[in-house]
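Presented below is the structure to which this report refers.
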Amino acid sequence: MSYDNNPETQINLSDNTPILVAVAWPYVNGDIHVGHIAGCFLSADIFARYNRLKGRPVLMVSGSDCHGTPITVAADKEKVTPQEIVDKYHPKVLNLIKTLEIEYELYTKTTTENHYKITQDLFVALAKNGYISKKVTPQYYSEKDNKFLPDRYVEGTCPFCGFEDSRSDQCDKCSSVIEEGKLIKPRSKNTGSPVEFKDTEHYFLDLDKFQLELENFVENKSYWREWVLAETKGWLKRGLYERSITRDLDWGIPIPTDRLPDELKLDGAENKRFYVWFDAVIGYLSASVEWSDMHKDNDGNLPKPWLDWKHYWYNEDARHYYFMGKDNLFFHTISWPAMLIGSDKNKQLPFYPAINNFLNLEGDKFSKSRGVVLYPEYVVENYGIDSLRYYLAKVMPENQDADWIWKDFVAANNNELVANFGNFVFRVLSFYKAHPELDPTKHILFAVDNTVQQEIKETFYEVGRLIEECKLAEALQRIMKLSSFGNKYFNDNEPWKVIKTSEMAASEAIYNCLTIIDNLRILLHPILPSAMNKLTRMLDYTDLIVPEVEINKWEYKPWNHEQKIEEFIEPLFKKFDEKEVLEKEKK
RNA sequence: CGCGGGGUAGAGCAGUGGCAGCUCGUCAGGCUCAUAACCUGAAGGUCGUUGGUUCGAAUCCAACCCCCGCAACCA
């Protein structure tokens, strides 16, 4: 029986479809909070883990975005170099990923030699194909520092309300938008010295030249989330225009002007670097190449075809899923596709942008400066990885902004994770443990009930479909329905009563329940890998769940009659005391 | 008229022309294997407002009211 086609959408993935899971690159300035996790890390991980269980070749890549003003601002603040910021925070992100059990094929960073080279190559290709132009624009320039300053390094007096510490683009006090050049007495935020406008020449990506091709690109994307499609079409409708891709900075990737045609050469290019969004999206490609290189043997060969990055990028059967927060939409549905089309028409374009809205904290926007922040490490340490992953998967902001509410967090843990699923597993295993005479091998070997089998098969099919459409919250709900079904099955069959008159009937009921549990173990693995590994041990499997390419483990399997379960059984999850938690989190 | 999203049961959401649904909570009953967990049943909604189209509107159209996001560090 094949469940691979999904007739309702254009998402038809086969058993060997190569899947690229591209996760947005976080700025490496040290403040990854639960919003980031709900935004893209967790959904990407669940999606990737599912596809690996399906036996598909999966390449999940991301890395630390080391360039851009957020990094230089952090460096100024801590009075160190940008490189030191990177060296300090990149390992922290690696650590966090490990803590959260987010499993990448490769999590790298944008300061690698490989990334520099691929970014420069792609830029040169765009230039040779006629998509790069140069243009003179006025920018803030500090005579004293002898350099151009990005907008966010400039402040001055608001022309509307006279507020003296206004930002250069919008006044903090009266919220008026300040047009370029209207700010009174502009000065450097760092040194306080006056700045003025000075002409500077920059490279631009001519997005307008991609208008038609991008319109064609979104034409048949009816399976995208409705609001993602609407927003993308909104950009296209308003018309695209050139966007600058270089800055007057000394931190970032240098411009390879020596490789450009003469008419594109530019004075002072050695003082310019690529604008961060330009190089960051290229990371998906460069990380893929880096990962592939890591698997080469001494002769430079790859042992398996799916270890080759080209298996994902130059394969029209491959599917590219991108995971990010909504502020990244434009760069992934417009700029990046344009850059791919403009540099090399044979590369795969994004197939599905899984763009999440924002997670707020008890109704407030995450804001480090206002103290509205919650760190995943804290939640893991105090409440455990499974409760965190379960709750975030449940409230994932797929269609609108959502909230982290402590009261709901406790309720989801206690009433769903513990009471429904955890309790089902524990009541079955402990009952079985207390009655060794129910060992299935001691009775006629029974098959799994048709209704049970049917229910499990349907769950695999429906959950798989939902995950492929990136409807993860709904997928989780569907899995919990199977757990409820298990509880009901146990109740209806009353093994604790039946055992007094018929050991065989009780044994058969337990055998069916073990089958349900064993399949839930696979179904929940993408969402709760840690708990499912624990369950795997309790069920006395010799190996943890390890996905293998070309082997489909995402399917119904009856319980093995011979299999014994572990001596020591304990509940998978802990209940929380609502009062205590609310007190502790002061709400 | 900057762009976009939303207003459906106490809470969170699904439902895009055909008998108002799901999860949680609440109440009542059952069960006692299980972490006071599980099972059954019930209560609870004039679907933001007003008008229109239609045999029929939560759903389509028009106007209006109210929330929120992006354009500012931030997924």
Side-chain angles (χ1 to χ4, degrees), chain A residues 23-27 29 31-43 69-70 73-74 151-152 167-172 175 177-178 225-228 230-235 237-238 323-330 355-360 363 365-370 372-373 394-395 397-403 405 407-408 411-412 414-420 422-435 471 473-474 476-478 480-481 483-484 486-499 506 509-510 513 569-576:
Chain A
V23 192
W25 294 48
Y27 279 127
N29 53 2
D31 57 347
I32 291 189
H33 50 67
V34 292
H36 295 89
I37 309 304
C40 58
F41 286 69
L42 183 59
S43 32
T69 38
V73 166
D151 287 352
R152 104 174 54 160
R167 289 198 316 264
S168 65
D169 49 359
Q170 188 174 12
C171 177
D172 276 326
S175 295
V177 175
I178 301 167
R225 284 176 195 163
E226 222 172 299
W227 67 272
V228 170
E231 184 110 2
T232 303
K233 284 185 173 167
W235 283 102
K237 204 173 156 192
R238 271 168 269 147
F323 293 81
M324 78 212 78
K326 63 177 163 185
D327 56 340
N328 264 311
L329 184 141
F330 178 85
I355 306 182
N356 277 352
N357 286 278
F358 289 153
L359 183 78
N360 298 317
K365 221 179 157 204
F366 276 97
S367 163
K368 212 177 168 185
S369 52
R370 287 188 299 122
V372 183
V373 71
K394 181 184 157 74
V395 298
E398 285 165 1
N399 290 304
Q400 57 236 297
D401 284 357
D403 275 282
I405 311 272
K407 196 169 187 283
D408 292 352
N414 291 357
N415 305 331
E416 297 176 40
L417 194 54
V418 173
N420 184 341
N423 180 55
F424 173 56
V425 172
F426 190 60
R427 71 196 294 208
V428 171
L429 295 189
S430 59
F431 185 81
Y432 181 38
K433 211 71 246 181
H435 300 279
K471 295 178 180 167
E474 213 178 322
L476 176 58
Q477 201 169 310
R478 184 63 189 83
M480 293 311 279
K481 214 176 123 194
S483 177
S484 288
N487 270 318
K488 182 166 158 48
Y489 183 89
F490 193 93
N491 243 66
D492 292 349
N493 284 280
E494 305 180 302
W496 64 89
K497 195 184 279 178
V498 169
I499 192 171
I510 292 301
C513 287
I569 298 300
E570 62 169 350
L572 286 170
F573 314 103
K574 275 204 298 271
K575 268 188 95 153
F576 305 138

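Computed from a prediction, not measured in an experiment: that's the story for all the values here. So you know, we letter chains A, B, ... as the sequences are listed, proteins then strands, and number each from 1.
Note: CZ (A:Arg427) to P (B:C31) measures 15 Å, nearest angstrom. The nearest whole Å value for the distance from the CD atom in A:Glu231 to the C1' atom in B:G69 is 9 Å. As rounded to whole Å, 10 Å separates atom C1' of B:C24 from atom CD of A:Gln477. Nucleotide B:C38 holds its P atom 7 Å from the CG atom of A:Asn420, rounded to whole Å. The CG-P distance, from A:Asp408 to B:G12, rounds to 8 Å in whole Å. A straight line from CD of A:Glu398 to C1' of B:G6 spans 16 Å, rounded to a whole angstrom. Between the CG atom of A:Asn357 and the C1' atom of B:C3 there is a distance of 14 Å, given to the nearest Å. What separates CG of A:Asp492 from P of B:U40 is a distance of 7 Å, to the nearest Å.
With both pairing distances under 3.5 Å, B:G12 is matched to B:C22 as a Watson-Crick or G-U wobble pair. Pair check for B:C31 finds none; no Watson-Crick or G-U wobble contact set falls under 3.5 Å. The base-pairing partner of B:G2, taking Watson-Crick or G-U wobble contacts with both distances under 3.5 Å, is B:C70.
The residue A:Phe573 sits close to a base: some heavy atom pair falls under 4.0 Å. At the heavy-atom level, A:Lys326 lies under 4.0 Å from the strands shown only through sugar-phosphate atoms. Using a 4.0 Å heavy-atom distance criterion, A:Asn423 is classed as a base contact. Nucleic acid contact class of A:Leu572 (heavy atoms, under 4.0 Å, all strands): base. Among the atoms of the strands shown, base atoms are found under 4.0 Å from some heavy atom of A:His33. Residue A:Tyr27 is classed as a sugar-phosphate contact, given heavy-atom separations below 4.0 Å to backbone atoms only. Residue A:Leu359 is in base contact, counting any heavy-atom pair closer than 4.0 Å across all strands shown. Within the nucleic acid shown, A:Ala419 comes within 4.0 Å of sugar-phosphate atoms alone, with no base atom in reach, counting heavy atoms only. At the heavy-atom level, A:Glu416 lies under 4.0 Å from the strands shown only through sugar-phosphate atoms. Among the atoms of the strands shown, none is found under 4.0 Å from any heavy atom of A:Asn414. Within 4.0 Å (heavy atoms only), A:Pro495 reaches no atom of the nucleic acid at all.
Rounded to the nearest Å, the gap between the P atom of B:A63 and that of B:A9 is 26 Å. If you take atom C1' in B:U8 and the same atom in B:G45, they sit 7 Å apart, rounded to whole Å. Comparing the C1' positions of B:G12 and B:U26 gives a spacing of 16 Å, expressed to the nearest Å. Comparing the C1' positions of B:C22 and B:C74 gives an interatomic distance of 33 Å, to the nearest angstrom. On the P atoms, B:G29 is 50 Å away from B:C70, given to the nearest whole Å. Rounded to the nearest Å, the gap between the C1' atom of B:G17 and that of B:C60 is 8 Å. Comparing the C1' positions of B:A58 and B:A43 gives an interatomic distance of 23 Å, to the nearest angstrom. A gap of 25 Å separates the C1' atoms of B:C65 and B:A71, to the nearest Å.
Using a 4.0 Å cut-off, some side-chain N or O of A:Asn415 falls inside it from OP1 or OP2 of B:G25. Between B:U40 and A:Lys488, a contact under 4.0 Å exists linking OP1 or OP2 to a side-chain N or O. Distances shown here put a side-chain N or O of A:Gln400 below 4.0 Å from the OP1 or OP2 atom of B:A14.
Within 6.0 Å of NZ in A:Lys407 there are 12 or fewer heavy atoms belonging to other residues, nucleotides or ligands.
Across all non-hydrogen atoms, the minimal contact from A:Ala24 to A:Met324 is CB-CB, 3.8 Å.
Considering only the side chain of A:Pro70, B:C74 comes nearest among B:C74, B:A14, B:C38. The side chain of A:Lys497 approaches B:U32 more closely than any other nucleotide in the set B:U35, B:U32, B:C38.
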Salt bridge (charged side-chain N to carboxylate O under 4.0 Å, His left out) for A:Lys326 and A:Glu231? Distances and angles first, verdict last.
CA-CA 10 Å; A:Lys326 63 177 163 185; A:Glu231 184 110 2; over 6 Å; no
Run the side-chain contact (heavy atoms from CB on, under 4.5 Å) check on A:Val395 and A:Asp403 step by step: do they pass?
CA-CA 7 Å; A:Val395 298; A:Asp403 275 282; over 6 Å; no
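For the pair A:Phe431 and B:C33, the ring geometry does not qualify as stacking, because the centroid separation below 5.5 Å and plane angle under 30° are not jointly satisfied.
Contact of the A:Ile32 side chain with the A:Ile37 side chain is registered, since non-hydrogen atoms from C-beta on lie closer than 4.5 Å.
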